[in-house]
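A short worksheet on the structure shown next.
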Amino acid sequence: MNRVAFTGQSIFCADVEKSARFYEQVLGFLRQSVDDGDISLAVSVGGSAAAGEATATATVKILLHHSDDPRSVDVGTFETDDVDALVDQVRAAGCEISIEPADAPWGVREAGFRDPDGNALYVTGPLR
């Protein structure tokens, strides 16, 4: 059987540079390259913030690609040390909070929000 590994995700955006600024300045993604108007960002994969593990073991790429008619997608779930602080940053950036921060019965704090193009992102972190 062939081995399959996840390497990244494409996100279609009305304004690639505006979306890149959001992912870089609000979420802390790192710009890797710009190629023909597309922007490639990297985000850490690995250590669990909720479990107190701070070490990332790898990165995946997020490719921001221009579209005149971007379709919203679920980008995924990310971990952070402080869900409430991140939600405050997202709100200050003018983005919609779709799920206010709340403690989940399975032992994490969760929230959801949308990026500038309406793509859904979710965050989890340690309980307050």
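- Counting only heavy atoms from C-beta outward, the side chains of Tyr23 and Val43 never approach each other to under 4.5 Å.
- When every heavy atom of Arg128 is checked against every heavy atom of Asp103, the shortest pair comes out as N-OD1, 4.3 Å.
- Judged by distance alone, with hydrogens and angles left aside, the side-chain atoms of Asp117 form a donor-acceptor pair with the main-chain N or O of Ala14 at under 3.5 Å.
- One distance of note links CD of Gln89 with CG of Asp82; it measures 9.0 Å at 0.5 Å rounding.
- Contact record, Val16 with His66: CG2-N, 3.3 Å, taken as the closest heavy-atom pair.
- Taking CG of Asn119 as the start and CD1 of Ile11 as the end, the distance is 5.5 Å to the nearest 0.5 Å.
- Side chains of Ile99 and Glu110 form no contact here, defined as non-hydrogen atoms less than 4.5 Å apart.
- Linking Ile, Leu, Val, Met, Phe, Trp and Tyr whenever their side-chain heavy atoms come within less than 4.5 Å leaves Leu63 and Leu121 in two separate clusters.
- Taking each heavy atom of Arg31 and Ile39 in turn, the nearest pair found is NH1-CD1, 3.6 Å.
- Counting heavy atoms from C-beta on, the side chains of Val83 and Thr80 come closer than 4.5 Å.
- Residues Tyr122 and Phe22 are members of separate hydrophobic clusters, defined by side-chain heavy-atom contacts under 4.5 angstrom among Ile, Leu, Val, Met, Phe, Trp and Tyr.
- In terms of heavy-atom proximity, Pro101 sits nearest to Val87 at CG-CG2, 3.8 Å.
- Side-chain contact between Phe12 and Val73: absent, with no pair of heavy atoms (C-beta onward) separated by less than 4.5 Å.
- Interatomic distance, CD of Glu17 versus CD of Glu24, reported as 7.0 Å (0.5 Å rounding).
- Every pair passing ring pair (Phe, Tyr, Trp, His ring centres under 6.0 Å) that includes a residue from residues 67-86 is listed here, sequence neighbours excluded: Phe29-Phe78.
- Residues Ile62 and Phe6 fall within the same hydrophobic cluster, defined by Ile, Leu, Val, Met, Phe, Trp and Tyr side chains chained together at heavy-atom separations under 4.5 Å.
- Asp115 contributes atom CG, which lies 10.5 Å from atom CD of Glu96 (distance to the nearest 0.5 angstrom).
- Once rounded to the nearest 0.5 Å, the distance linking CD of Gln9 with CG of Asp74 reads 9.0 Å.
- The list of side-chain hydrogen bond (donor to acceptor under 3.5 Å, both in side chains) pairs with a residue in residues 32-41, not counting sequence neighbours, reads Asp38-His65.
- Between Val26 and Ala93, the shortest heavy-atom contact is CG2-CB, 3.8 Å.
- Closest approach of Thr124 to Thr77, counting heavy atoms only: CG2-CG2, 3.9 Å.
- Rounded to the nearest 0.5 angstrom, Thr59 OG1 and Leu30 CG are separated by 9.0 Å.
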